[in-house]
Number of protein chains: 2
Amino acid sequence: MGVGDDGGLRLPRNKIIVGDCIEELDKLPAKSIDLIFADPPYNLQLANELYRPNNSRVDGVDDDWDKFSSFESYDRFTRDWLAACRRVLKPNGSLWVIGSYHNIFRVGTALQDLGFWVLNDVIWRKTNPMPNFRGRRFTNAHETMIWASTGQKARYTFNYESMKALNEDLQMRSDWLLPICSGGERLRQDGRKTHPTQKPEALLQRVILAASHVGDVVLDPFMGSGTTAVAAKRLGRAFVGIERESAYASARERLKSIVTLDPASLQVSKGKRAETRVPFGALVEMGLLSPGTALYDPAARHEAKVRADGSIACAGAQGSIHKIGAHVQGAMACNGWTFWHYEADGALKPIDALRVEARQKLAS
Amino acid sequence: MGVGDDGGLRLPRNKIIVGDCIEELDKLPAKSIDLIFADPPYNLQLANELYRPNNSRVDGVDDDWDKFSSFESYDRFTRDWLAACRRVLKPNGSLWVIGSYHNIFRVGTALQDLGFWVLNDVIWRKTNPMPNFRGRRFTNAHETMIWASTGQKARYTFNYESMKALNEDLQMRSDWLLPICSGGERLRQDGRKTHPTQKPEALLQRVILAASHVGDVVLDPFMGSGTTAVAAKRLGRAFVGIERESAYASARERLKSIVTLDPASLQVSKGKRAETRVPFGALVEMGLLSPGTALYDPAARHEAKVRADGSIACAGAQGSIHKIGAHVQGAMACNGWTFWHYEADGALKPIDALRVEARQKLAS
DNA sequence: CAGTGGTTTGAATCCCATC
DNA sequence: AGATGGGATTCAAACCACT
């Protein structure tokens, strides 16, 4: 996994690289990237120009054949850059790709064929999409993002609590309502848009906040106007951007003015999973609960006795607080910390309160 | 185009055919169908049982018809039924397919390869989706429909004005908010759902209203519970349903009670749109409030700091504006929108003022 | 009958550290 | 690397029992 594996390839950090994305990805060390966000071109004609063996034009020959040929070359292009991304991604990293109905099905199929495991498809609902002027279709008011891990068994980063916090303590859904990039955020030169498909920073912030940690490396193989790098820098992540058109490397200028948020603002909401694990036996060892103490379920229908080794006994059965809790309820599983209660001041309190005490003691 | 083209094949009308969809499609005359709605197996690939936090088991889709040995076999199946559909579709007809991230990319790719021309991808946003019980992904809150014509140059039916009327005289967007099928609409036998994936009638009504005329023939190659036929009949369209599982052919019973609306009743109803919910985190994302900004209660006794994920931190505690507001007051609950204030022009203003701004932005 | 509070349920690729 | 077991995890809507 060291540098040697890649013949001494080094990972540039906080750099925008001008060049072909596949060539440049091949120069990066394997398994070095935590998160990839890709906004690939979906102009089939462009892919065509890039990959047709000869430069002959095909219009007017046979529409069906032309279409197939275009899709085929686009698919080849898609597989190539996705495979190159797969190589540089850490096993526990993840990949996001954004697209529209023109290309997203090709991308999704290629992803799955390469072994990526789709975690969600996320819809960016635009508050202010361009109307359909001719009134012949529905207003194309969204784009689709695919979020995928490196494989079915792979672990991946998901800041569940942060996403929940962003949505007023409700689970974040797979449909996100965000305005398109306009106004002051939109980069312009001489009044004209610098980049045709500049993504809003809010979109990238949410992606990066959801699927990476502070200090992680975020890569964008199709940098464009640099929104991914901007959001990464602001959120205290390192970035690597690759962009073919040197004109777009003006993103470097844009980046200079971006200030990383202070560490306090970057702290994310953490759930119970992040808490240090305290075995039930530790409560007994620490003297917070004596062997022989009686524990009760909330309705006081069952009584269990604490034993010196941190197991409990109830109605002839013995085992962990979880196992016995499940057993007396006839349930598959049980969280013993919230199920079992002890008596204090004439009331029943969950033993989880004692775990909180234990954690405070252990932390001090 | 006449009957003779297909050796005397005849189009059954308002019939549910029990049989394999490809075999049965092959028996229908070519170019005889105006609109196809297909709800194919999703190939969910569910590996394990899933339990809710309260230990109840989720009744997932484990039917044999949803099991495929590989993506390759799913792709083959998809191409076959799509090709059969293509043959029976009129040149100016169109096709809808619904799916989730498990299968929709395969379907979209196959569609395009067969020469269908994608008109829109339409998102069905569920008002009441099943949550993500383990907190490991985003709530899977939508499904995707692909709407396609028979080719790039093909004409197709789109009732633009009807859709506009349905959406308060605004162009109908590509994201539709509709509840899942439950309550009285959900078919049950002995208290158990008759079909695992019954679609809401409102969804099918909108599809049929958008893409067909009264008197047109609507075909559903995977009839299931029969929602397509029900919606077609109600809207004065003829239907042809194909369903392999004879158990589901109970849809015939369901259909008997459906009455076709008289033309006057077909007038669309207009609903008042609820005020958009704006999570506090959206203010941060939209740049209306920077991470690190200080918030105060009206008396400026407490100071909290805004964080990048839309949570706030105050006196060691962290959480939503509501939670922390309640916490510092020692109250059970608190409306953070009116409790917390920010400083502007030397005065304290409630953050609710920023929510108003956000709503204006989101509405524009 | 209206309101309240508890229960059920839905196309779901749903854990992870330790041994 | 597979098995073990601790223990973390849910939202909207319909329905039902009860006051």
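We name chains A, B, ... by the order of the sequence lines, and we start the count at 1 in each one. Values below: every heavy atom of this structure, side chains too, minus hydrogens, waters and symmetry copies.
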Atom of A:S212, atom of A:I208 and distance for their closest heavy-atom approach =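 In terms of heavy atoms, the two residues are closest at OG-O, 2.7 Å.
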Salt bridge present between B:D62 and B:K67 (N-O < 4.0 angstrom) =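 No salt bridge links B:D62 with B:K67.
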Is any NZ, NE, NH1 or NH2 atom of the basic residue among A:R79 and A:D113 found under 4.0 Å from an Asp or Glu carboxylate oxygen of the other?
->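 A salt bridge links A:R79 with A:D113.
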Would you tell me if any nitrogen or oxygen in the side chain of [X] comes within less than 4.0 Å of OP1 or OP2 on [N]?
| X | N | result |
| --- | --- | --- |
| B:R186 | C:dA11 | yes |
| A:R355 | D:dA8 | yes |
| A:H322 | D:dG6 | no |
| B:N132 | C:dC14 | no |
| B:R136 | C:dC16 | yes |
| A:S320 | D:dG6 | yes |

Taking atom C1' in both D:dC15 and C:dA11, compute the distance separating them and give it to the nearest angstrom.
->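 Roughly 23 Å separates the two C1' atoms.
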Please indicate whether A:M286 has more than 12 foreign heavy atoms, meaning atoms of other residues, nucleotides or ligands, lying under 6.0 Å from its CE.
->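 For A:M286, atom CE is crowded (more than 12 foreign heavy atoms under 6.0 Å).
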Geometric class of the B:W337/B:F280 ring pair [parallel <30°, tilted 30-60°, perpendicular >60°] =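 Because their plane-to-plane angle is over 60°, the rings of B:F280 and B:W337 count as perpendicular.
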Tell me which of A:N120 and A:R155 sits closer to the 5' end of DNA chain C, going by the nucleotide each one is nearest to.
->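 The residue closer to the strand's 5' end, by nearest nucleotide, is A:N120.
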Take the protein atom CG of A:N167 and the nucleotide atom P of D:dT10, then report the distance between them rounded to whole Å.
->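 Between P of D:dT10 and CG of A:N167: 13 Å.
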Nucleotide pairing, DNA chain C (Watson-Crick or G-U, distances under 3.5 Å), in dot-bracket with [ ] and | = .|||||||||....|||||
